[in-house]
Amino acid sequence: MRVYRKHWWVPWAFLALPLAMYLVWVIIPIIQTLSLSFTSWDGLSPTTRFIGWRNFEDLFHDSIFWTSIQNNIRWLILFILVPVPGGLAIALLLDQKLPGNKMYKTLFYLPMTLSFVVIGLVWSWIYDPQYGALTTALNSIGLSSLNRAWLNDPSIVTYSLVFAAIWRQIPYIMVLYLAGLKNVPPEMVEAGIVDGANRVQRFWYIIFPMLKPATIIAVTVSVIDSLRSFDIVFVMTRGGPFYSSNVLANYMYIEGFHNYRMGYGSAIAVIQFAITFGFILVYLSNVMKSEGVD
Amino acid sequence: MKARKWIWLVVLLVVVVSTLGAQRLVINSYMSDEAPRRVFAELVDQFRALHPEYTVVLNVFPHEDFKVLIRTQLASANAPDVATWFAGERMRYFASRGLLAPIDDVFPDGFGKDFPAAFESACAYDGTLYFVPQSWYWWGIYYNTKVFDALNLTVPENWYQFLKTCEILKQNGYTPIAIGTRGTWTTGGWFDSLNMRLHGLEFHTDLTAGIIPYTDPRVEETLSSLADLAKRGYFLENHASYDWQEAATRLFNGEAGMYLMGQFIKDVAPADVRDDLDFFRFPIIDGTIGIYEDTPIDGFLVPANAQNKDGAKVFLKFIASKEAQEYFAVQLGRLAANRHVPPPDAHAQKGLDMILASDGVMQFYDRDTDPQMADRGMNAFVELMMFPDRLRTILQSLERDRQRIFQ
């Protein structure tokens, strides 16, 4: 104890470098973005003007901003509803001792190894309304009536984008659950079998509750990934046609960098930060509760 | 021990000599399509051979990304020495914010000695030159001659004939007009051409300057002509799914008949179809209005933060020279800005004649108006082409944008 008090600075010395980096690369930029969001800076001029809440008032009346928020909500809901159960289902399947297990795991995991830019390009080709793989496939099995202009129709373009992103998200969630399943003690499942629980009951009353930590992480990761979605939108549609597939991150980029409205773009970033931060707080409090820290 | 000292001394000498002897010259270019990329790299090699005292670094960026990146490049303390850019309002936007270095001394005998006097205003801001023009080109309606021959079509000269041509193409299973609007700028050509044909140059200049409301009945007339073409189903289906090059392949492979585009469409055409492409002047709509065309000028600027401004100017003098301009024009079929360079081929001669016979020129919608307005406008044109019935709401929304942007 005496040693600890005498050398109180030691942990700080070790932390100094990471803290400094965190300050320079995270905290200060957040503060800068916040202060920029109250200006009309064009991203070019050496000086700028303080305009108070004007950017936020403009955002409130900006229909493209609301379209972006709506699309972010679509991403959010679909990212929770599809990859989490989907990843869990595949993880349960692959956790059985099936022949060729490793190969299947690798195959399912492959999309995860591709960058979003590559996925965006590949899916743009798949979605090509005339020569794309999807259109060709639907035609060849006699379902040509289902064909749509996947990236052209404002009412479905966001779903087309989310689907491509989900294709990559599922294996990610699968890996989280595979790791989680390793932590389920086999004795408990065996005890369930002895007590006469069927497969559904064993899953629902034993395995799934034991997977709760993995589920919390899977949902939170999906929420955060859906909120920061940018690459796929940028590569596949650039937010178009006419802003209809924009998400906040993409709209922020267009306004800030493309249209020379850094102040306005910063205001969008601040809103996005507030939303994401809210979700992270919920996540952290959940984690702390489950770990018994208050 | 002694040998090691010698080695160090030699290393030191080499370092000193190389830093003193060769100056770094950084050139950032947006010429990312295969043909212009190759030709410009060859020009830079020629410059290297002429001026070994410079270590020239050429960075090529994807064209659309460059438009965004240049903002950061100009504002950074470590700006490139030379950058490709567009003449007119897009250059002035930077010049008015003090981000460009004046380059009057690149033209010691005056701009007009080697370049058309008409270009000077597009290269200057507030009476000072900031831009060296390299090449320029015309916009026109490119068409596939094989398709036209197969249907015995002749080149339409007025709007009535144009609509008829579109209808015949459509009836015969062709896409009358190819266009890719994933990059929205392609719609700017349609807006400019229709607006200038219907209402003339002065009106168009005032509109791009933000003086005229988008709810003006004349703008409505322009855009209802565009909406009309869309309603008749003349544009390539699902055009928002395609980049301009992807849509151009429909013209090249004979699925589509026409494409309103700049001369650079030939850059991306495969060699075996390049000769099947020809162009005609955008059809006359109102005979009482003069003939005005889009003729964008491309060239170079020097950032105010450039490290090696003297070297940059040496390069600009080289690129402004008759030889360098001729090389670029001949290789790519563009028109050189230097007026001592003749049009490189019959195609370019035809383009030049078309422009010389016109009554005035603009740059292009996204080069003539404010960048924000251009972004909103071109997205609105895409929306209109997909939902022609939304004309009124689109105009009202554009007018709200105009009032905010040009306040």
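Just so we're on the same page: letters track the sequence lines, and every chain starts at 1. Since the structure is predicted, the reported quantities are computational estimates derived from the model, not experimental observations.
- With a 6.0 Å radius and a threshold of 12 heavy atoms from other residues, nucleotides or ligands, A/Phe60 has its CZ atom at or below the threshold.
- Within a 6.0 Å sphere centred on OH of A/Tyr22, heavy atoms belonging to other residues, nucleotides or ligands number 12 at most.
- With a 4.5 angstrom heavy-atom cutoff, B/Met386 touches chain A only via side-chain atoms.
- Residue B/Ser241 touches chain A through both its backbone and its side chain, counting heavy-atom pairs closer than 4.5 Å.
- Of all the listed residues (B/Met373, B/Arg400, B/Gln372), the one sharing the greatest number of non-hydrogen pairs under 4.5 Å with chain A is B/Gln372.
- The structure places CG of B/Leu69 at 9.5 Å from CZ of A/Phe257, a figure rounded to the nearest 0.5 Å.
- The greatest number of non-hydrogen atom pairs below 4.5 Å with chain A, out of B/Glu64, B/His239, B/Arg376, is found for B/Arg376.
- Using a 4.0 Å cut-off between charged nitrogen and carboxylate oxygen, B/Arg404 and A/Glu57 do not count as a salt-bridge pair.
- Atom CD of B/Glu237 has 12 or fewer neighbouring heavy atoms from other residues, nucleotides or ligands inside a 6.0 Å radius.
- Interface residue A/Arg54: only side-chain heavy atoms are found under 4.5 Å from chain B.
- Of the listed residues B/Leu99, B/Asp375, B/Asp401, the one with more heavy-atom pairs under 4.5 angstrom with chain A than any other is B/Asp375.
- For A/Phe56, the CZ atom counts as densely surrounded, since its 6.0 Å shell holds more than 12 non-hydrogen atoms of other residues, nucleotides or ligands.
- Ion pairing between B/Asp243 and A/Arg238 holds under the 4.0 Å rule for side-chain N and carboxylate O.
- Looking at B/Ala75, the atoms closer than 4.5 Å to chain A (heavy atoms on both sides) all sit in the side chain, from C-beta outward.
- Within 6.0 Å of CZ in B/Phe387 there are more than 12 heavy atoms belonging to other residues, nucleotides or ligands.
- Comparing B/Arg97, B/Arg182, B/Glu383 by heavy-atom pairs within less than 4.5 Å of chain A, the highest count is held by B/Glu383.
- Remark: A/Phe50 CZ is packed, more than 12 non-hydrogen atoms of other residues, nucleotides or ligands lying under 6.0 Å away.
- Chain B forms more heavy-atom pairs under 4.5 Å with one residue of A/His258, A/His61, A/Gln130 than with any other, namely A/Gln130.
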(request) Show the numbers, then the answer: is there a side chain to side chain contact (heavy atoms under 4.5 Å, CB included) between A/Phe242 and B/Arg390? (result) CA-CA 13 Å; A/Phe242 52 90; B/Arg390 294 187 190 167; 3.8 Å; yes
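- A/Asp42 and B/Tyr93 form no side-chain donor-acceptor contact under 3.5 Å, judged by distance and modelled atom types alone.
- For the atom pair CG (B/Asp65) and CZ (A/Phe234), the distance works out to 5.5 Å, reported to the nearest 0.5 Å.
- For the atom pair OG1 of B/Thr72 and CG of A/Leu44, the computed distance is 9.0 Å after rounding to the nearest 0.5 Å.
- A 4.5 Å side-chain heavy-atom check between A/Asp128 and B/Tyr242 finds at least one atom pair inside the cut-off.
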(request) Under the side chain to side chain contact (heavy atoms under 4.5 Å, CB included) rule, what do A/Tyr260 and B/Arg71 come out as? Steps first, then yes or no, please. (result) CA-CA 8 Å; A/Tyr260 308 116; B/Arg71 186 199 64 85; 3.7 Å; yes
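- Expressed to the nearest 0.5 Å, how far CG of B/Asn379 lies from CG of A/Asn246 amounts to 8.5 Å.
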(message) If you apply the rule side chain to side chain contact (heavy atoms under 4.5 Å, CB included), what do you find for A/Tyr253 with B/Val68, and how did you get there?
(response) CA-CA 10 Å; A/Tyr253 178 79; B/Val68 176; 3.3 Å; yes
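- Nearest heavy-atom pair across A/Asn259 and B/Pro371 is OD1-O, 4.0 Å.
- Contacts between A/Ser124 and chain B at a heavy-atom distance below 4.5 Å involve the side chain alone, from C-beta outward.
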